Amino acid sequence: PSLFTATISQMVTEIIGPKEAGLKKPTIPEGKTRHLCDVYGSLSTEDKATFLRVVSRQFGTDHDEVLKAAEGLPQAKEKSEAALLKAEERLQAALVPRYHDLFVQIGRLEGGVKHLVDMRADTLDLLSTVKDNAELRSFSSCLREMLSHWFSAGLLHLQRITWESSCDILQKISEYEAVHPMKNWSDLKRRVGPYRRCFIFTHSTMPREPMVVLHTALTNQISDNIQTIVSTPILDDEDVEDINTAIFYSITSTQKGLQGVELGNYLIKRVVRELQAEFPKMTQFSSLSPIPGFRDWLVGEINKVLSSTALLTSAELKKVAEIAGKEDVLPLVTLKKLLQTNQWMGAESMVETLKDPLMRLCARYLYLEKRRGYAVNPVANFHLRNGAVLWRLNWQADTNPRGISQSCGIMVNYRYFLGDTMRNSQRYMEEQHIEASQQVIDLAQAAGGVDSP
Ligand SMILES: CC(C)(COP(=O)(O)OP(=O)(O)O)[C@@H](O)C(=O)NCCC(N)=O
């Protein structure tokens, strides 16, 4: 391993120059950078991890140089404005990690940006397996920062996908679909046919590759059920008079290495403008979103309070026990089993009994459960970051087994009130304030633990 480590250091140093070189960089023969990329691409996952650990540790910011530059500021300030600016530039240069130069050199290669996207994906995979590795985290955020410049809205190309689009792209649309997987060609045809709009962003560094995919349904009301969108056959052509609402029912970012670059956010905003131009009468914009993790969270909560009425009232618990015919078992134990096997969907009386508690608890999960101050549910966090409103919970919105297992069949509308998204997003990011409808607040309140707003 030490020979491997030394070789990595040698190769990187040959590209970015020795530390002493400071700002004066020799012109780099492209061949060395290309060779490094080829070597990296040929490494096993384990050796890539070693590569990333070595480079993030050995070629990060020089802390001594940063300290020295910072210590020089007060004296420079005393001296003159010019001296201060010079000292600040020295600090700025010291704060740029040396691997930043490596990214610049790689980015200049043909196919280099794609290489960096893949390298960031490897870094994120590695970060998900190691305990907190500060150097690796800095390496990842430096790379994200650089990628966010190359993948900014102005450099992304919007493309509408229809049944007349090329097969290779239609095939990728089908393969990348992460929210409501397509089973066959007719599924795909429906999603790009009448009353549907499928848009992607492409980027010149990865031709014919959808960076992010947004599927929208065109309706005359805010949908409360996904089966009506992905399963019902569409017979006739669009009647523009019948369209005043856009429902975003699936969005997928296809490049893991671009996580945190917010391509999905850009695409939604861009598609809203596109639809407003095509349908001037369009007044409502909303998602119909899954709630991945709700059922598992609820099972976890049940395990914490097995014998109390913290989650369901005693009347509800009693009914669950009665309907399940298990008076001799703790009702929450019975409920947990029913939830884990989806069996609760079998009896109409059980479905009726569980509607209120599951809707309340789902509202609590989305509105109150936080991680570092933000919504614990990733899809909620995504839409709230975009400035959407946690607008409506829908019972029996996804009756596929996948939807039942994921979120007890409940789905949620995150509503985009265009004039408010900027403010909502700011309040969410800065104050962790979740803008929610009265339906959601009342439901979360009924679940207990929420102060009236
Ligand atoms: C929801 C998505 C599109 C958000 O992507 P994006 O806008 O780029 O945000 P971020 O990943 O940059 O934070 C992304 O997280 C994704 O593809 N998730 C898996 C599919 C899904 N929609 O849950």
Side-chain angles (χ1 to χ4, degrees), residues 116-118 120-121 123-125 127-128 137 140-153 155-158 161 172-182 191 198-203 206 209-217 226 229-230 247-272 285-297 365-366 371-388 390 397-398 400 402-403 405-407 410-414 416 421 424-425 428-429:
L116 290 171
V117 172
D118 293 343
R120 176 132 187 282
T123 308
L124 292 171
D125 287 342
L127 275 169
S128 66
R137 205 166 292 287
S140 174
S141 60
C142 177
L143 194 38
R144 184 198 56 74
E145 167 73 17
M146 188 172 255
L147 290 170
S148 68
H149 295 307
W150 284 320
F151 289 88
S152 58
L155 299 176
L156 294 159
H157 171 63
L158 183 77
I161 305 301
K172 283 174 185 162
I173 295 297
S174 174
E175 287 169 354
Y176 276 129
E177 171 56 22
V179 190
H180 301 289
M182 296 178 220
R191 304 214 185 161
C198 173
F199 284 101
I200 65 173
F201 269 148
T202 58
H203 192 272
M206 294 184 221
E209 189 65 33
M211 297 284 98
V212 55
V213 185
L214 175 61
H215 288 280
T216 306
I226 192 63
I229 291 179
V230 296
I247 300 294
F248 308 126
Y249 65 93
S250 172
I251 183 163
T252 303
S253 174
T254 67
Q255 307 294 317
K256 169 150 192 173
L258 292 176
Q259 188 179 309
V261 175
E262 298 207 27
L263 295 183
N265 187 5
Y266 285 142
L267 183 55
I268 288 183
K269 300 281 179 359
R270 184 74 178 72
V271 166
V272 163
F285 298 88
S286 176
S287 80
L288 177 62
S289 300
I291 311 172
F294 167 56
R295 199 276 308 269
D296 294 344
W297 168 82
Y365 168 68
L366 289 173
R371 179 181 298 131
R372 288 196 289 273
Y374 296 102
V376 73
N377 179 269
V379 180
N381 188 45
F382 166 69
H383 287 292
L384 293 169
R385 255 191 357 228
N386 294 347
L390 174 49
D398 185 349
N400 269 350
R402 198 163 173 268
S405 305
Q406 217 178 34
S407 61
I410 303 171
M411 294 186 84
V412 53
N413 297 116
Y414 296 102
Y416 285 78
T421 52
N424 292 342
S425 176
Y428 179 66
M429 298 309 284

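Counting starts at 1 for both ligands and their atoms, following the listed order. Everything numeric here is computed off the predicted structure, so don't read it as measured data.
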Looking at [atom1] of [X] and [atom2] of [Y], how far apart are the two atoms once the value is rounded to the nearest 0.5 Å?
X      : Y      : atom1 : atom2 : answer
Leu366 : His383 : CG    : NE2   : 11.0 Å
Ile247 : His215 : CD1   : NE2   : 15.0 Å
Cys198 : Ile161 : SG    : CD1   : 5.5 Å
Thr252 : Leu267 : OG1   : CG    : 10.5 Å
Tyr176 : Ile200 : OH    : CD1   : 10.5 Å

Do Asp118 and Lys256 sit within salt-bridge range, that is, some charged N less than 4.0 Å from a carboxylate O?
->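 No, this pair does not count.
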
Please report which non-hydrogen protein atom sits nearest to [atom], along with the residue it belongs to and the distance in Å to one decimal place.
atom                    : value
atom 8 (O) of ligand 1  : Leu263 N, 3.1 Å
atom 9 (O) of ligand 1  : Arg385 NH2, 3.2 Å
atom 16 (C) of ligand 1 : Ser253 N, 3.9 Å
atom 23 (O) of ligand 1 : Val379 CG2, 4.1 Å

Does the protein place any heavy atom closer than 4.0 Å to atom 2 (C) of ligand 1?
-> no

Any protein heavy atom < 4.0 Å from atom 20 (C) of ligand 1 |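 Protein heavy atoms within 4.0 Å of atom 20 (C) of ligand 1 - there is at least one.
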
Between Phe201 and His157, does the ring centroid distance fall short of 6.0 Å?
-> no

Aromatic ring proximity Tyr414/Phe382, centre distance under 6.0 Å =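 No; Phe382 has its ring centre 6.0 Å or more from that of Tyr414.
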
Per-atom contacts of ligand 1 with [X], taking only distances under 4.0 Å to non-hydrogen atoms:
X      : result
Asn265 : 7 (O)
Thr252 : 17 (O)
Val179 : 21 (C), 22 (N)

Modelled atom types, side-chain donor and acceptor of Arg385 and Ser425, under 3.5 Å |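 Checked: Arg385/Ser425 side chains show no N/O donor-acceptor pair below 3.5 Å.
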
Evaluate [X] for polar contact with ligand 1, using N/O atom pairs at a separation under 3.5 Å.
X      : value
Phe382 : no
Gln259 : no
Ile251 : yes

Determine whether the side chain, the backbone, both or neither of Val261 has a heavy atom under 4.0 Å from any heavy atom of ligand 1.
-> backbone

Any idea which of Gly260, Gly264, Ala178 brings a heavy atom closest to atom 10 (P) of ligand 1?
-> Gly260

